[in-house]
*Asks:* 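Have a look at the structure that comes next, please.
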Amino acid sequence: MAEHPREVREITNASDALMLNMGNITDARMESMMLSLKSAGERGIPALLDVVGIACSKFRREYASNLLKISVPSVIKGNYSEIAALHDGEYFSRGVDAEESLAAGDIARAAKELAQKYQTVILATGQTDIITDGKRVVCVKNGTHQLACVTGTGCMLGALCTAFMTLLSPMDGAISACCYFGICGQLAQTEKGNGSFMVKLMDGISTLSREEITKHINMEEMSK
C-alpha cells in the first residue's frame with residue numbers, strides 16, 4: 001500500500017511482487033507507480049498493472065501507455081471495456097464498468113493480440129475471465145453476478161493474482177486466481193443482500209479448501 005514517491009523504491013525492492021492499480025490516481029501516486037514499476041523491472045519482480053478507467057479517460061489511457069514504455073508488467077489486467085480500449089485507441093466507454101455488449105470472443109482475440117504485442121499476460125475480466133500469454137487462451141467461467149454488485153472485487157482479484165505470482169508463473173497465477181476468486185464468489189452467493197455477500201466472500205478467500213476447488217472449478221482452453 002506504499003504511496004509516497006520517496007519510499008516506493010525501497011518498498012518495491014523488498015517485495016516478492018508488485019500490484020499497480022489506476023483506480024484512484026493522484027499526482028503522487030502516478031509518480032510512485034512509475035518509480036515502482038521501473039524498480040520491479042530492473043530487479044525482475046513480478047508485477048501486475050490494473051488499467052482501471054482507461055476506457056473512459058484519455059488522460060488515463062495516455063498514462064497507461066507511458067507506464068508500459070518504462071517496463072512491461074508480468075500481467076496487464078482490465079475488464080472487457082478496458083482491454084478493448086488498450087487494444088483499440090478509438091474505443092471509449094462510460095464509467096469504470098465493462099459494457100455488457102462486448103462479446104467474449106472479440107475480447108479474447110484483442111487480448112491475444114495485446115499479449116503478443118507486449119510479450120506479457122493479459123487478464124480480461126468479465127462474466128468469463130480470459131487469460132492469455134499470446135499463445136494459450138484460457139477461459140475461466142467461475143463467478144457470480146453478485147461480484148459486480150459490490151465495490152472493490154476487481155481490485156481484490158488483482159491483489160490475489162499478484163500474490164499467486166509469488167509462487168506461480170504469471171499465466172498460471174492469473175488462471176489460478178480467477179478460478180479461486182470466482183469459486184469464492186459462487187459459494188458466497190446469498191439472498192440476504194450485498195453486505196452479507198461481501199462478508200461471506202472475505203471468509204471464503206481465507207477458508208476455501210482444495211476439495212471445493214476441485215469440485216467447482218470451471219475453465220477451458222480455447223482451441224487455436
Side-chain angles (χ1 to χ4, degrees), residues 1-9 11-12 15-42 45-99 102 107 110-111 113-115 117-126 129-132 147-148 150-166 170 173-174 177-178 181:
M1 298 295 288
E3 175 182 344
H4 200 285
R6 291 176 61 182
E7 71 170 2
V8 290
R9 283 186 181 275
I11 300 298
T12 299
S15 300
D16 294 318
L18 169 70
M19 174 181 171
L20 302 177
N21 186 300
M22 291 174 51
N24 186 10
I25 53 176
T26 63
D27 289 345
R29 288 177 180 173
M30 290 170 67
E31 180 183 354
S32 294
M33 284 194 282
M34 287 185 165
L35 294 171
S36 289
L37 185 58
K38 187 174 188 296
S39 288
E42 291 171 347
I45 297 170
L48 177 144
L49 172 62
D50 198 337
V51 290
V52 179
I54 67 166
C56 61
S57 166
K58 182 179 179 182
F59 173 70
R60 289 171 182 265
R61 192 175 308 211
E62 291 175 348
Y63 177 66
S65 177
N66 289 333
L67 277 174
L68 294 173
K69 291 175 183 176
I70 293 173
S71 180
V72 177
S74 312
V75 175
I76 300 174
K77 173 187 174 293
N79 63 32
Y80 280 16
S81 285
E82 289 156 353
I83 296 304
L86 192 63
H87 179 261
D88 179 4
E90 300 300 316
Y91 174 86
F92 278 89
S93 175
R94 295 178 60 187
V96 296
D97 294 323
E99 284 190 67
L102 293 172
I107 297 303
E113 290 178 10
L114 283 170
K117 176 181 177 180
Y118 290 110
Q119 293 295 292
T120 193
V121 172
I122 302 294
L123 166 55
T125 61
D129 294 326
I130 299 165
I131 307 98
T132 177
L147 285 168
V150 291
T151 301
T153 52
C155 301
M156 291 169 67
L157 174 58
L160 196 63
C161 179
T162 307
F164 276 38
M165 285 198 297
T166 65
C178 288
F181 192 65

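Below, all heavy atoms of this structure are taken into account, side chains as well, without hydrogens, waters or symmetry copies. One-based numbering along the sequence shown.
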*Asks:* Please list, chain by chain and in numerical order, all residues satisfying side-chain contact (heavy atoms from CB on, under 4.5 Å) with Val150, sequence neighbours excluded.
*Replies:*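 side-chain contact (heavy atoms from CB on, under 4.5 Å) check on Val150 returns Thr153, Asn194, Phe197, Met198.
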
*Asks:* Would you say the side-chain atoms of Thr120 pair up with the backbone N or O of Ser74, donor to acceptor, closer than 3.5 Å?
*Replies:*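 Checked: pair present.
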
*Asks:* Of all residues at least two apart in sequence or in a different chain, which pass the side chain to side chain donor-acceptor pair (under 3.5 Å) check with Ser32?
*Replies:*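 By the side chain to side chain donor-acceptor pair (under 3.5 Å) rule, Ser32 matches no residue at all.
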
*Asks:* How would you list all residue pairs meeting salt bridge (charged side-chain N to carboxylate O under 4.0 Å, His left out) that involve residues 152-165, not counting sequence neighbours?
*Replies:*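 Passing the test, one end in residues 152-165: no pairs.
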
*Asks:* Side chain of Thr12, backbone of Ser39: donor and acceptor closer than 3.5 Å?
*Replies:*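 No, because the side chain of Thr12 does not come within donor-acceptor range (under 3.5 Å) of the backbone of Ser39.
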
*Asks:* Mind checking salt bridge (Lys or Arg N to Asp or Glu O under 4.0 Å) for Glu113 and listing every partner two or more places apart, or none if nothing turns up?
*Replies:*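 Listed in chain order: nothing, the list is empty.
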
*Asks:* For Thr132, enumerate each residue passing the side chain to side chain donor-acceptor pair (under 3.5 Å) test, keeping only those at least two apart in sequence or located in another chain.
*Replies:*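 For Thr132, no residue satisfies side chain to side chain donor-acceptor pair (under 3.5 Å) once neighbours in sequence are set aside.
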
*Asks:* Residues in salt bridge (Lys or Arg N to Asp or Glu O under 4.0 Å) with Asp50, at least two apart?
*Replies:*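 By the salt bridge (Lys or Arg N to Asp or Glu O under 4.0 Å) rule, Asp50 matches Lys77.
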
*Asks:* Residues in side chain to side chain donor-acceptor pair (under 3.5 Å) with Arg60, at least two apart?
*Replies:*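 Applying side chain to side chain donor-acceptor pair (under 3.5 Å) to Arg60 gives none.
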
*Asks:* Restricting to side-chain contact (heavy atoms from CB on, under 4.5 Å), what partner residues turn up for Asp88, sequence neighbours left out?
*Replies:*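 Per chain and number, Asp88 pairs via side-chain contact (heavy atoms from CB on, under 4.5 Å) with Glu90, Tyr91.
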
*Asks:* Knowing that exactly one of Ile45, Leu18, Thr162, Leu68 qualifies, which makes a side-chain contact (heavy atoms from CB on, under 4.5 Å) with Pro73?
*Replies:*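 Running side-chain contact (heavy atoms from CB on, under 4.5 Å) over Ile45, Leu18, Thr162, Leu68 with Pro73 returns exactly one hit, Leu68.
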
*Asks:* Which residues satisfy the side chain to side chain donor-acceptor pair (under 3.5 Å) test with Glu31, sequence neighbours excluded?
*Replies:*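 Side chain to side chain donor-acceptor pair (under 3.5 Å) list for Glu31, sorted by chain: empty.
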
*Asks:* Residues two or more places apart in sequence or in another chain: which of them pass side-chain contact (heavy atoms from CB on, under 4.5 Å) with Thr166?
*Replies:*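 side-chain contact (heavy atoms from CB on, under 4.5 Å) list for Thr166, sorted by chain: Asp16, Ala17.
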
*Asks:* Mind checking side-chain contact (heavy atoms from CB on, under 4.5 Å) for Lys38 and listing every partner two or more places apart, or none if nothing turns up?
*Replies:*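 Expected list: Arg9, Glu42, Ile70.
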
